[in-house]
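Okay, so here's the structure we're looking at.
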Amino acid sequence: MSLHFRVQNRTFLQCFLLMLCLTFSASISAADVQAFVGARIVPVSSEVIEEGTLLVRDGKIEQVGPVKDVIIPDGAMRIDVTGKTIIPGLICTHSHIGWGGGGDSSEPIQPECHTLDSVDVRSASFMRARAGGLTLVNQMPGSGHLISGRTTYLKLRDGGTVEDLLVHDASGWPMGGLKMANGTNSQRSAPFPGTRAKSASLVRQAYVKAQEYQAKIARAEGDPEKMPERDLRMEALVEALEGKRIVHHHTHRHDDILTVLRLKKEFGFEVVLHHVSDAWKVAKEIAAADAACSLIVVDSPGGKLEARDIKLENGAVLEEEGVNVAFHTDDWITDSRLFLRSAALGVRAGMSREGALRALTLSGAEMLGLADRTGSLAVGKDADFAVLSGDPFSVYTQILQTWVEGKQVFDRTNPEHLLFAIGGRGAGDDTAYNCCGGEDH
Amino acid sequence: MKTPTTLIQFLALILLVAGTPELQAQNIAIYGDTVHTMAKTAEGQWQDPIENGVVLIIDGKISAVGPASAVEVPEGTPEKRCKVVTPGLIDARSVVGLAGWLNIDHDSDHIERSSPMQPELAALDAYNPREPLIDWVRSFGVTTLHTGHAPGQLISGQTFIVKTRGNSVDDAVVQRQSMVAATLGSDALRSGKESPGTRAKQMSMLRQKFIEAKAYQEKVAKAAADEEKDAPARDLRKEAMGQILDGEMPLMINAHSSVDIQNVLRLQKEWQIPVILQGGAECYDFIEPLKAQGIPVILHPTMMRSSGAGKNASMETAAKLIAAGVPVAMGSGYESYVPKTRVVLWEAAIACAYGCEFRDALGLITHSAAALLGIGDRVGSLEVGKDGDVALFDGDPFEYTSHCLGTVIEGEVVSDIAR
């Protein structure tokens with residue numbers, strides 16, 4: 001009896017302690033609530049709030065609204081951003097930061113290779129990207145192959161390994177797309193194609209083979225005896241065929257763009273056209289095919305034959321045709337720190353300001369299949385955003401802070417971070433451990 | 001009977017000539033809500049901008065600049081109006097006209113690889129005045145280019161100065177020989193058994209070339225003074241090196257990393273020649289010696305890529321050099337791929353966003369560039385007697401979303417695309 005009581009008592013004590021503990025942790029988690037108060041907030045997916053509060057809990061957006069309407073919970077960390085501008089974190093749909101690459105020079109089709117295995121997340125280019133307000137990148141292999149490999153979607157979290165930065169799908173698999181290319185970059189000496197027709201035909205052959213592999217799996221109906229041998233190359237292509245992996249397709253010339261649209265129609269993969277120098281010539285065809293475009297903005301036409309006719313007006317022309325448009329840095333082709341500038345030049349050439357900001361954020365998220373998680377300042381989404389000193393499209397505006405999932409990854413007042421933002425002695429050196437010295441916000 | 005007909009014909013001819021658009025176009029009045037003259041006061045300060053100003057160009061030269069209320073514009077003078085007027089822009093180090101936009105053998109004349117040192121190569125012989133990139137930069141207000149052989153060889157050849165117009169190089173040229181372009185560091189190293197394969201070899205090869213040029217000059221001088229002595233066989237390469245020794249052409253050295261900039265300083269000290277540092281990604285560590293040795297800087301574009309030799313480039317270098325009083329201008333530099341040229345307007349804009357006062361930043365591509373290139377008597381500011389080279393904007397020229405509305409060279413409208 002007494003023993004029993006004692007046991008019960010002990011259980012009670014444990015319960016009590018647990019409750020205490022929970023209460024305590026509740027007050028700790030109140031500190032995980034951050035209120036960014038007083039900024040002009042541009043959510044992209046909803047109306048601009050002139051003087052707003054962005055409330056973040058556990059890395060997610062809990063509330064966004066006018067200062068007068070958002071009640072800040074007790075114990076929340078209050079961050080005064082009066083006079084500043086908050087925009088969603090910038091999303092680069094085509095980046096080579098931490099350059100690693102995909103396939104080697106042995107053959108033109110190597111979808112089994114994955115940039116996850118080659119990217120260096122401690123590269124200085126990652127810190128520069130954070131300084132540019134970027135929160136998510138599509139880390140791409142190069143364009144020297146018809147299919148150069150699988151791409152990796154990376155959140156620019158404060159981390160020292162690629163695993164720290166991965167984005168996982170519902171089944172826990174790291175997310176990414178498939179990089180393809182046509183035109184001159186992927187034409188080389190054999191076994192690479194030498195002509196455009198050969199390029200298309202090699203790609204067609206690979207997908208036909210993948211369809212057969214897919215059919216064999218379907219016919220096996222789960223019977224291990226009947227399953228084909230595992231083939232990483234085929235698996236990657238089947239993922240594209242099944243829409244589980246978005247095709248990110250490098251393409252410049254008008255006829256090459258149409259070839260991509262033809263292959264999309266033949267095989268049904270979801271495709272984002274990348275660079276698209278001649279987009280203005282075939283904007284109607286792109287719109288009709290319902291293909292999204294991720295554009296590069298460079299300071300002069302040419303540099304290579306295929307980019308001879310590239311126009312700053314591409315964004316405006318595609319917007320007019322109702323095409324979903326994003327911009328990308330193609331870093332190092334353009335500098336991630338100046339990503340806002342790409343969209344600003346789009347505005348200069350006639351694009352709407354709203355469309356241009358969407359093209360840096362939500363449109364990019366859509367093109368990576370991540371619009372349910374990031375890309376705009378909407379309740380429930382990841383707290384990925386940048387704090388600016390003013391108008392996103394002014395040359396004089398500074399990026400002050402970058403936050404990924406409620407954690408600050410760039411702080412302009414931190415001299416170590418500022419070095420990457422501006423450059424100078426040591427700015428080109430890769431970071432020793434990680435971006436922010438592990439400081440927890 | 002004969003005489004009047006001839007007279008009428010003569011008069012008609014005069015009328016016809018007077019009526020041709022080219023001649024008429026050399027007169028123009030350009031009105032701006034704000035006119036940045038980019039002239040300097042006697043104390044060396046930037047002149048304040050003129051509100052509601054006008055630049056009057058007669059026969060291609062600026063004949064008056066001032067408030068519109070105070071300048072008498074002859075009746076019938078063609079006119080243009082815009083918000084902001086600046087001098088025509090100067091790209092202090094370009095390769096446009098030699099390194100073509102398509103980046104194929106057919107249009108690439110910026111680098112000759114047959115020998116690592118060829119100072120005799122004249123830019124004049126390689127310039128393509130119909131290169132589309134000339135039109136491109138001109139549509140952003142650029143009227144003057146210091147262009148020529150590119151970085152990438154120890155000595156790649158000469159540079160010269162042109163206006164961004166003309167169907168022939170003779171129409172375009174302002175100065176036939178300007179500088180000799182050299183490169184120190186990794187960009188001019190050769191592989192295998194070819195020299196130079198190291199930095200030390202680069203320096204020793206340059207020294208040897210100067211020694212040979214000096215010996216050649218002495219032989220020529222001795223022969224001139226002594227009828228008994230034969231002059232040496234003429235050698236264009238040695239003569240070009242001699243022009244550097246004589247101070248007729250500065251040696252413009254492309255160098256980025258700390259070690260290469262130190263070599264630039266040493267070379268200048270050894271030979272006491274006019275040297276210009278071009279590029280200079282890490283020159284922020286050598287501001288005092290550059291100043292002490294009188295070495296001006298044609299700085300890399302602000303948006304230079306942070307990789308390779310430029311990995312430690314800083315966007316604040318222009319501001320630091322200006323603050324220290326080092327003569328500095330900005331050039332688009334050399335690009336081997338996409339974009340094939342940069343636009344100096346945009347590069348100065350970023351310098352302005354990173355620490356430069358507005359007129360100091362604009363000076364990098366106008367007044368200061370003209371002074372550094374030695375053409376300040378003709379271009380770089382809107383002052384009476386200078387060339388009528390003007391750029392027109394619909395707002396702050398540096399803002400991403402402003403447009404260049406037109407470009408005028410010596411009174412002629414050479415671009416009127418809003419871009």
- Message: Does any backbone or side-chain atom of B:Ala349 lie under 4.5 Å from a heavy atom of chain A? Answer side chain, backbone, both or neither.
- Response: both

- Message: Is A:Ala124 in contact with chain B via its backbone, its side chain, both, or neither, using a 4.5 Å heavy-atom distance?
- Response: neither

Could you list every donor-acceptor pair linking chain A to chain B (distance under 3.5 Å, backbone and side chains)?
unit_1: A:Arg128; atom_1: NH2; unit_2: B:Ser306; atom_2: O; d: 3.4
unit_1: A:Asp299; atom_1: O; unit_2: B:Trp136; atom_2: NE1; d: 2.8
unit_1: A:Ser300; atom_1: OG; unit_2: B:Lys340; atom_2: N; d: 3.3
unit_1: A:Ser300; atom_1: OG; unit_2: B:Thr341; atom_2: N; d: 3.1
unit_1: A:Ser300; atom_1: OG; unit_2: B:Thr341; atom_2: O; d: 2.8
unit_1: A:Gly303; atom_1: N; unit_2: B:Trp101; atom_2: O; d: 2.5
unit_1: A:Gly303; atom_1: O; unit_2: B:Asn103; atom_2: ND2; d: 2.8
unit_1: A:Trp332; atom_1: O; unit_2: B:Arg305; atom_2: NE; d: 2.6
unit_1: A:Ile333; atom_1: O; unit_2: B:Arg305; atom_2: NE; d: 3.4
unit_1: A:Ile333; atom_1: O; unit_2: B:Arg305; atom_2: NH2; d: 3.0
unit_1: A:Arg337; atom_1: NH2; unit_2: B:Ser306; atom_2: OG; d: 3.0
unit_1: A:Arg348; atom_1: O; unit_2: B:His403; atom_2: NE2; d: 2.6
unit_1: A:Arg348; atom_1: NE; unit_2: B:Ser402; atom_2: O; d: 3.0
unit_1: A:Arg348; atom_1: NH1; unit_2: B:Glu399; atom_2: O; d: 3.4
unit_1: A:Arg348; atom_1: NH1; unit_2: B:Tyr400; atom_2: O; d: 2.8
unit_1: A:Arg348; atom_1: NH1; unit_2: B:Ser402; atom_2: O; d: 3.0
unit_1: A:Arg348; atom_1: NH2; unit_2: B:Ser402; atom_2: O; d: 3.1
unit_1: A:Arg348; atom_1: NH2; unit_2: B:Arg419; atom_2: O; d: 3.4
unit_1: A:Ser394; atom_1: OG; unit_2: B:Glu399; atom_2: OE2; d: 2.6
unit_1: A:Val395; atom_1: N; unit_2: B:Glu399; atom_2: OE1; d: 3.0
unit_1: A:Tyr396; atom_1: OH; unit_2: B:Asp396; atom_2: OD2; d: 2.7
unit_1: A:Ile422; atom_1: O; unit_2: B:Met315; atom_2: N; d: 2.9
unit_1: A:Gly424; atom_1: N; unit_2: B:Asn312; atom_2: O; d: 3.3
unit_1: A:Gly424; atom_1: N; unit_2: B:Ala313; atom_2: O; d: 3.3
unit_1: A:Arg425; atom_1: N; unit_2: B:Tyr284; atom_2: OH; d: 3.0
unit_1: A:Arg425; atom_1: NE; unit_2: B:Asp285; atom_2: OD2; d: 3.0
unit_1: A:Arg425; atom_1: NH1; unit_2: B:Glu282; atom_2: OE1; d: 3.2
unit_1: A:Arg425; atom_1: NH2; unit_2: B:Glu282; atom_2: OE1; d: 3.1
unit_1: A:Arg425; atom_1: NH2; unit_2: B:Asp285; atom_2: OD2; d: 2.6
unit_1: A:Gly426; atom_1: N; unit_2: B:Asn312; atom_2: OD1; d: 3.2
unit_1: A:Ala427; atom_1: N; unit_2: B:Asn312; atom_2: OD1; d: 3.2
unit_1: A:Gly428; atom_1: N; unit_2: B:Lys311; atom_2: O; d: 3.4
unit_1: A:Gly428; atom_1: N; unit_2: B:Asn312; atom_2: OD1; d: 2.8
unit_1: A:Asp429; atom_1: OD1; unit_2: B:Lys311; atom_2: NZ; d: 3.1

- Task: Could you have a look at A:Ala307, A:Gly346, A:Ala427 and say which one has the most heavy-atom pairs with chain B under 4.5 angstrom?
- Result: A:Ala427

- For the residue pair A:Val395 and B:Ala353, what are the closest heavy atoms and their distance? O-CB, 3.2 Å

- Message: Using side-chain heavy atoms (C-beta onward) and a distance below 4.5 Å, is A:Leu338 in contact with B:Ile350?
- Response: yes

- Item | Toward chain B, the part of A:Leu340 with a non-hydrogen atom under 4.5 Å | neither

- side-chain hydrogen bond (donor to acceptor under 3.5 Å, both in side chains) partners for A:Thr413, two or more places apart: A:Asp411

- Item | Contacting region of B:Leu102 [heavy-atom separation from chain A under 4.5 Å] | both

- Residue, of A:Gly423, A:Ala421, A:Gly424, that accumulates the most heavy atom pairs under 4.5 Å with chain B: A:Gly424

